[in-house]
Amino acid sequence: MNLPQRPRRLRQNEAVRAMVREHELRAADFVYPLFVCHGTGVADPVGSMPGVCRYSLDRLPAVLDDVVGLGIPAVILFGIPERKDAVGSEAYADDGIVQRAVRAIREQYPQLVVITDVCLCEYTDHGHCGLVEDGYVLNDETVELLAQTAVSHARAGAHIVAPSDMMDGRVAAIRQALDGAGLERTAIMSYAAKFASGYYGPFREAAGSTPGFGDRKGYQMDPANGDEAVREALLDVEQGADMIIVKPALAFGDIIWRTKQETHLPVVAYNVSGEYAMVKAAAANGWLDERKVVLESLCGMKRAGADIIITYHALDAARWLAERA
Ligand code: PBG
Ligand code: ZN
């Protein structure tokens, strides 16, 4: 056969394949999520997320030594409070669990970038991401508490705050509150396009943050909407976001691509808890090769345009990448 183009010529051996490879994962792209809780000696496994635990502060070094040793530059912190209440008090308490974790990590691991998730749902007894009145999650009143939370995280030493609540106007309010407190160097990584997804189930088990009534569709986005995701991202840029998160990642490659093209900001793919749990469950059954599918999925997020990937697979993936090199 006389074919002018034979694409297989570029697949003839691994050396040629490596030369024409367009995208490459690096440990430097990863952010590792950590659940921090009160107490001592706690490493409490999350049932639906094999390999993931809630850690008390004294147990963090075992994990953080690995994070740093593997060349992962950053962690994102989620807090499990001592007590939940209607207004999520511990979210913005100066001695809250996240605030304490940030101080400890900044002191012990000066090279690590510390990112904090800013939301109320882990801290409210009803499990919603804001204040609730007559079954409605109030917007502007919630935004005030989110701004307070962000300032308390930044005061504790967070380099980057990441609001995940999806209230309107929260990036502007957080930027203003940070600047007003002399924290103009703290960056905002905004969960701009966060969808009301079934894939957050295992996280809610980990954080005990399943809404006590209703769902999050009144503030998180409809997974059917792409244009709206772009609008959300652009609004957050206008309000002062430094980076944009798209969440979940696997079914939302188009959103990653579009937000990157439209914002030209660093775009972060959040490979969420349910995406992790699916792979872990299938791998545990011997139904797929964990290493192959994880690296393939994470690379797909980069190909979709992500600059950074938040993933519970970060430690394993970084190890596999180091072995491959
Ligand atoms: C808090 C928050 C959630 C996640 C990140 N921040 C849960 C939710 O919105 O219900 C999900 C992360 C994951 O599933 O890994 N708002
Ligand atoms: Zn929330």
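Order of appearance sets the numbers: ligands from 1, and atoms from 1 within every ligand.
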Contact partition for Cys121 relative to ligand 1, non-hydrogen atoms under 4.0 Å: side chain
Should [X] and [Y] count as side-chain neighbours, where that means a heavy-atom distance under 4.5 Å?
{"X": "Val246", "Y": "Val268", "value": "no"}
{"X": "Pro33", "Y": "Phe203", "value": "no"}
{"X": "Leu265", "Y": "Asp242", "value": "no"}

Identify the closest protein heavy atom to [atom]: which residue and atom is it, and at what distance?
{"atom": "atom 15 (O) of ligand 1", "answer": "Tyr312 OH, 2.6 Å"}
{"atom": "atom 4 (C) of ligand 1", "answer": "Lys247 NZ, 2.6 Å"}
{"atom": "atom 10 (O) of ligand 1", "answer": "Arg204 NE, 2.6 Å"}
{"atom": "atom 6 (N) of ligand 1", "answer": "Asp117 OD1, 3.2 Å"}
{"atom": "atom 12 (C) of ligand 1", "answer": "Phe203 CD1, 3.4 Å"}
{"atom": "atom 14 (O) of ligand 1", "answer": "Ser273 OG, 2.7 Å"}

Checking the N or O distance criterion of under 3.5 Å, is ligand 1 in contact with Glu122? no
Any N/O pair Lys194/ligand 1 closer than 3.5 Å: yes
Does any pair with a residue in residues 28-37 pass salt bridge (Lys or Arg N to Asp or Glu O under 4.0 Å), and if so which ones, sequence neighbours excluded? Arg26-Asp29, Asp29-Lys302
Can you confirm whether the side chains of [X] and [Y] place a donor and an acceptor under 3.5 Å from each other?
{"X": "Asp58", "Y": "Thr40", "value": "no"}
{"X": "Ser152", "Y": "Gln99", "value": "yes"}
{"X": "Tyr109", "Y": "Asp65", "value": "yes"}
{"X": "His128", "Y": "Tyr219", "value": "yes"}
{"X": "Glu90", "Y": "His38", "value": "yes"}

Proximal ligand 1 atoms for [X], defined as those under 4.0 Å from one of its heavy atoms:
{"X": "Cys119", "answer": "16 (N)"}
{"X": "Ser164", "answer": "1 (C), 2 (C), 6 (N), 16 (N)"}
{"X": "Phe78", "answer": "5 (C), 6 (N)"}
{"X": "Arg216", "answer": "8 (C), 9 (O), 10 (O)"}

With a cut-off of 2.8 Å, how many protein N, O or S atoms neighbour the Zn ion (ligand 2)? 3
Within the structure, is a non-hydrogen atom of [X] found at a distance of less than 4.0 Å from ligand 1?
{"X": "Met166", "result": "no"}
{"X": "Tyr270", "result": "yes"}
{"X": "Glu275", "result": "no"}

Yes or no on side chain to side chain contact (heavy atoms under 4.5 Å, CB included) for Ile105 and Leu77, after CA distance, side-chain angles and deciding distance? CA-CA 11 Å; Ile105 297 171; Leu77 302 179; 3.9 Å; yes
Rounded to the nearest 0.5 Å, what separation is found between the CZ atom of Phe252 and the CZ atom of Phe195? 5.0 Å
Value rounded to 0.5 Å, distance of CZ in Arg59 from CZ in Arg54: 14.0 Å
Output field: ring centroids Tyr312/Tyr32 closer than 6.0 Å: no
Evaluate salt bridge (Lys or Arg N to Asp or Glu O under 4.0 Å) for Asp94 paired with Arg100, printing each intermediate quantity in order. CA-CA 8 Å; Asp94 280 331; Arg100 291 173 47 197; over 6 Å; no
